[in-house]
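In this text, all values refer to a predicted model and were calculated from it rather than measured experimentally.
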Amino acid sequence: MAQILTIVGARPQFVKAAAVSRALLEKGLKETIIHTGQHFDAGMSDIFFDELGIPAPAHNLAVHSLGHGAMTGRMLEGIEEILRANAPDLVLVYGDTNSTLAGALAASKLHCPVAHVEAGLRSFNRRMPEEINRVMTDHLSDILFCPTRAAVDNLKREGLERETHLVGDVMYDATLDAVRRSATRENVAVRLGLAPRGYAVATIHRAENTDDPVRFARIADWLAAAAEKQPIVLPVHPRTRALLNERRPGGKRVHLIDPLGYLDMARLLSQAAGVFTDSGGLQKEAYFHRVPCVTLRDETEWIETIDAGWNRLWTVETYRERSEIADYGEGQASLAIAGILETFLGADRAA
């Protein structure tokens, strides 16, 4: 039986892997999971495996809280050791984190095929570590799973047309599943005394925002102004808690809470009036719940959310005219990925 080695390390990857893992199981494909440990505390890691039914990782490298070079290097070393011991037929990576790049590098150096979910995304801002990670991973990969036509076009411009597949967005699959699972859960906003559609949800975690004091101060001021119009619920990523506690933007109008599991976050989003975030995944999740979003960055790799009028950059005052986004598909992206991998691995083993 063909063996797939899946590498994850951060919250968004756990969510995507849950959807694809179910599809791989349906196809009878064997999967082993490596957790790099990039997101390591219970609120950012364990709860996702428990809630979403992801198979327990066979390996946890426990690499976290380091600089980009040290983190990627230690992950690369650990993944390479596991690859040598297991000799998988394919390595599957997700998104644009250090875990993604380390997995793709380790596999490619050992001549193991790499498949990249969410390939072709570009913000065209090379100051973002995520942009470097996603570009390099795409150029190391043998199979490129694209969520949008814009992603396919980006890869074509870079000469990566071979084994490029437009499959739709795996996050949409995950959101549909989360809506079903979370329908009976209490919205955490109720505990804060907030009514449905009477609050916004915010998140801040990207290094470009948290590591620059001047920029972080601007974002805090922006949130304080937004909180005058409606209360904000802000699940706090560990890296930003100290910064936010120091500034306390918006006072009691901004509710700082601990990180949420995926199902509780889905419930919170489903009844929100708006989303303010620097997260790529949350921009899309806002659209999936049909909640307007403001991206707290100067660009986004999810340009179709802006073109369709559901998202805008914080430097822009108005949304474009609203429309639906057909590229994301109908919630079958995971099955499409599993089918393509089944064919690829069957042909590869036959050869």
Exercise. Establish, from distance only, whether the side-chain atoms of Asn133 and Thr100 form a donor-acceptor pair under 3.5 Å.
Key: no
Practice problem: Find out whether Ile143 and Val114 are in side-chain contact, i.e. whether some heavy atom of one side chain is under 4.5 Å from a heavy atom of the other. | Solution: no
Quiz item: Among the clusters formed by ILVMFWY side chains lying less than 4.5 Å apart, do Leu234 and Leu243 turn up in the same one?
Solution: yes
Self-check item: Donor-acceptor pair, side chain of Asn98 and main chain of Thr72, under 3.5 angstrom
Solution: no
Quiz item: Can you name the nearest heavy-atom pair linking Pro129 to His68, along with the distance?
Solution: CG-NE2, 3.5 Å
Exercise. Determine whether Leu101 and Ile33 fall in the same hydrophobic cluster, where Ile, Leu, Val, Met, Phe, Trp and Tyr are linked whenever their side-chain heavy atoms lie under 4.5 Å apart.
Key: no
Quiz item: Is Asp278 reaching over with its side chain to a backbone N or O of Leu296, donor-acceptor style, under 3.5 angstrom?
Solution: no
Exercise. Before giving the answer on side-chain hydrogen bond (donor to acceptor under 3.5 Å, both in side chains), spell out for Thr203 and Thr277 the whole-Å C-alpha distance, their side-chain angles and the decisive distance to 0.1 Å.
Key: CA-CA 5 Å; Thr203 68; Thr277 187; 2.5 Å; yes
Quiz prompt | Beyond-backbone contact of Gln13 with His35, side-chain heavy atoms, under 4.5 angstrom | solution = no
Quiz item: Given side chains that start at C-beta, do those of Glu304 and Arg149 come closer than 4.5 Å, heavy atoms only?
Solution: no
Quiz item: Do Asp258 and Arg241 pass the side-chain contact (heavy atoms from CB on, under 4.5 Å) test, and can you show the C-alpha distance, the side-chain angles, and the key distance before you say yes or no?
Solution: CA-CA 9 Å; Asp258 289 337; Arg241 178 170 282 282; 3.0 Å; yes
Quiz prompt | Worked verdict on Asp169 versus Tyr287 for side-chain hydrogen bond (donor to acceptor under 3.5 Å, both in side chains) | solution = CA-CA 12 Å; Asp169 199 308; Tyr287 166 72; over 6 Å; no
Practice problem: Would you confirm whether Ser279, through its side chain, and Leu282, through its main-chain N or O, come within 3.5 Å as a donor-acceptor pair? | Solution: yes
Self-check item: Test item: side-chain donor near acceptor, Thr295 and Gln283, under 3.5 Å
Solution: yes
Quiz item: Are Ile340 and Val170 in one and the same hydrophobic cluster, where Ile, Leu, Val, Met, Phe, Trp and Tyr link if side-chain heavy atoms are under 4.5 Å apart?
Solution: yes
Practice problem: Treat each ILVMFWY residue as a node, draw an edge where side-chain heavy atoms are under 4.5 Å apart, and state whether Val152 and Ile303 are in one component. | Solution: no
Quiz item: Can any side-chain N or O of Asn187 pair as donor or acceptor with the backbone N or O of Val190 at less than 3.5 Å?
Solution: no
Quiz item: Nearest heavy-atom pair of His289 and Ala266: which atoms, and what distance?
Solution: CE1-O, 3.7 Å
Practice problem: Inspect the surroundings of CZ in Arg322 and state if more than 12 heavy atoms from other residues, nucleotides or ligands are less than 6.0 Å away. | Solution: yes
Quiz item: Is there side-chain contact between Ile4 and Thr32, with at least one heavy-atom pair below 4.5 Å?
Solution: no
Practice problem: Could you tell me whether Arg122 and Glu130 have a side-chain N and a carboxylate O separated by less than 4.0 Å? | Solution: no
Practice problem: May I ask you to decide whether Asp89 forms a salt bridge with Lys30, counting only side-chain N to carboxylate O separations under 4.0 Å? | Solution: no
Quiz item: Is there a donor-acceptor pair closer than 3.5 Å between any side-chain N or O of Tyr319 and the backbone N or O of Ile306?
Solution: no
Quiz item: Any chance the side chains of Thr148 and Asp327 put a donor and an acceptor closer than 3.5 Å?
Solution: no
Self-check item: Modelled atom types, side-chain donor and acceptor of Thr210 and Thr240, under 3.5 Å
Solution: no
Exercise. Might you work through the side-chain hydrogen bond (donor to acceptor under 3.5 Å, both in side chains) test for Glu31 and Thr6, ending with a clear yes or no?
Key: CA-CA 7 Å; Glu31 180 187 31; Thr6 293; 2.6 Å; yes
Quiz prompt | Side chain to side chain, Leu341 and Leu24, heavy atoms closer than 4.5 Å | solution = yes
Quiz item: Which atom names give the shortest non-hydrogen contact between Leu121 and Pro147, and what distance separates them?
Solution: CD2-CG, 3.9 Å
Quiz item: Going by heavy atoms in the side chains, are Ile7 and Leu92 under 4.5 Å from each other?
Solution: no
Quiz item: Got more than 12 heavy atoms from elsewhere within 6.0 Å of CZ, Arg185?
Solution: yes
Self-check item: N-O pairing of Lys284 and Glu118 below 4.0 Å
Solution: yes
Self-check item: Aromatic centroids of Phe276 and Trp222 separated by under 6.0 Å
Solution: yes
Quiz item: So, do Pro249 and Leu244 sit near enough that their side-chain heavy atoms are less than 4.5 Å apart?
Solution: yes
Quiz item: Does any N or O in the side chain of Asn86 come within less than 3.5 Å of the main-chain N or O of Ile82, such that one atom is a donor and the other an acceptor?
Solution: yes
Quiz item: Tell me, do Ile257 and Val236 make a side-chain contact under 4.5 Å, heavy atoms counted?
Solution: no
Practice problem: Tell me, with the steps shown, if Arg253 and Lys229 meet side-chain contact (heavy atoms from CB on, under 4.5 Å). | Solution: CA-CA 9 Å; Arg253 299 276 291 176; Lys229 301 174 183 177; 5.9 Å; no
Exercise. Salt-bridge test for Lys109 and Glu80: reply yes if a basic N is under 4.0 Å from a carboxylate O, no otherwise.
Key: no
Quiz item: Can you check whether Leu105's main-chain N or O pairs, donor with acceptor, with Ser108's side chain at less than 3.5 Å?
Solution: yes
Quiz item: Between Glu131 (side chain) and Ser123 (backbone), is there a donor-acceptor pair under 3.5 Å?
Solution: yes
Exercise. Go through Asn209 and Arg206 one step at a time and tell me if the side-chain hydrogen bond (donor to acceptor under 3.5 Å, both in side chains) criterion holds.
Key: CA-CA 6 Å; Asn209 287 333; Arg206 287 193 183 266; over 6 Å; no
Quiz item: Do side-chain atoms of Arg197 reach the backbone of Ala272 as a donor and acceptor pair under 3.5 angstrom?
Solution: yes
Exercise. Return the minimal non-hydrogen interatomic distance between Ala227 and Gly250, and the atom names on each side.
Key: CB-CA, 4.4 Å
Quiz prompt | Steps toward side-chain contact (heavy atoms from CB on, under 4.5 Å) verdict (Asp173, Gln332) | solution = CA-CA 6 Å; Asp173 301 21; Gln332 301 296 315; 5.5 Å; no
Self-check item: Ionic contact status for Arg134 with Glu301, cut-off 4.0 Å
Solution: yes
Quiz item: Do Met128 and Phe216 belong to the same hydrophobic cluster, where Ile, Leu, Val, Met, Phe, Trp and Tyr are linked whenever their side-chain heavy atoms lie under 4.5 Å apart, directly or via other members?
Solution: no
Quiz item: Is Glu342 salt-bridged to Lys27, going by a charged N under 4.0 Å from an acidic O?
Solution: yes
Exercise. For atom CD of Glu26, decide whether the heavy atoms of other residues, nucleotides or ligands shown that lie under 6.0 angstrom number more than 12.
Key: no
Quiz item: Can you tell me if CZ on Arg74 sees more than 12 non-hydrogen neighbours from other groups inside 6.0 Å?
Solution: no
Quiz item: Near Glu186 CD, under 6.0 Å, is it more than 12 heavy atoms from other residues, nucleotides or ligands?
Solution: yes
Quiz prompt | Pro235 versus Ala202, closest heavy-atom pair with distance | solution = CD-O, 3.3 Å
Quiz prompt | Nearest heavy-atom neighbours spanning Ala17 and Tyr94 | solution = CA-OH, 3.6 Å
Self-check item: N-O pairing of Asp142 and Arg162 below 4.0 Å
Solution: no
Practice problem: Compute the ring centroids of Phe14 and Tyr262, then answer whether they are less than 6.0 Å apart. | Solution: no
Self-check item: Full working for side-chain contact (heavy atoms from CB on, under 4.5 Å) between Leu66 and Val63
Solution: CA-CA 8 Å; Leu66 300 169; Val63 179; 4.1 Å; yes
Quiz prompt | Matching residue for Phe288 among Trp310, Tyr328, Trp302 - test: ring-ring contact (aromatic ring centres under 6.0 Å, His included) | solution = Tyr328
Quiz item: Would Asp177 and Arg22 pass as an ion pair if we require N to O under 4.0 Å?
Solution: yes
Quiz item: Any sub-3.5 Å donor-acceptor pair from Asp138's side-chain atoms to Gly120's backbone N or O?
Solution: yes
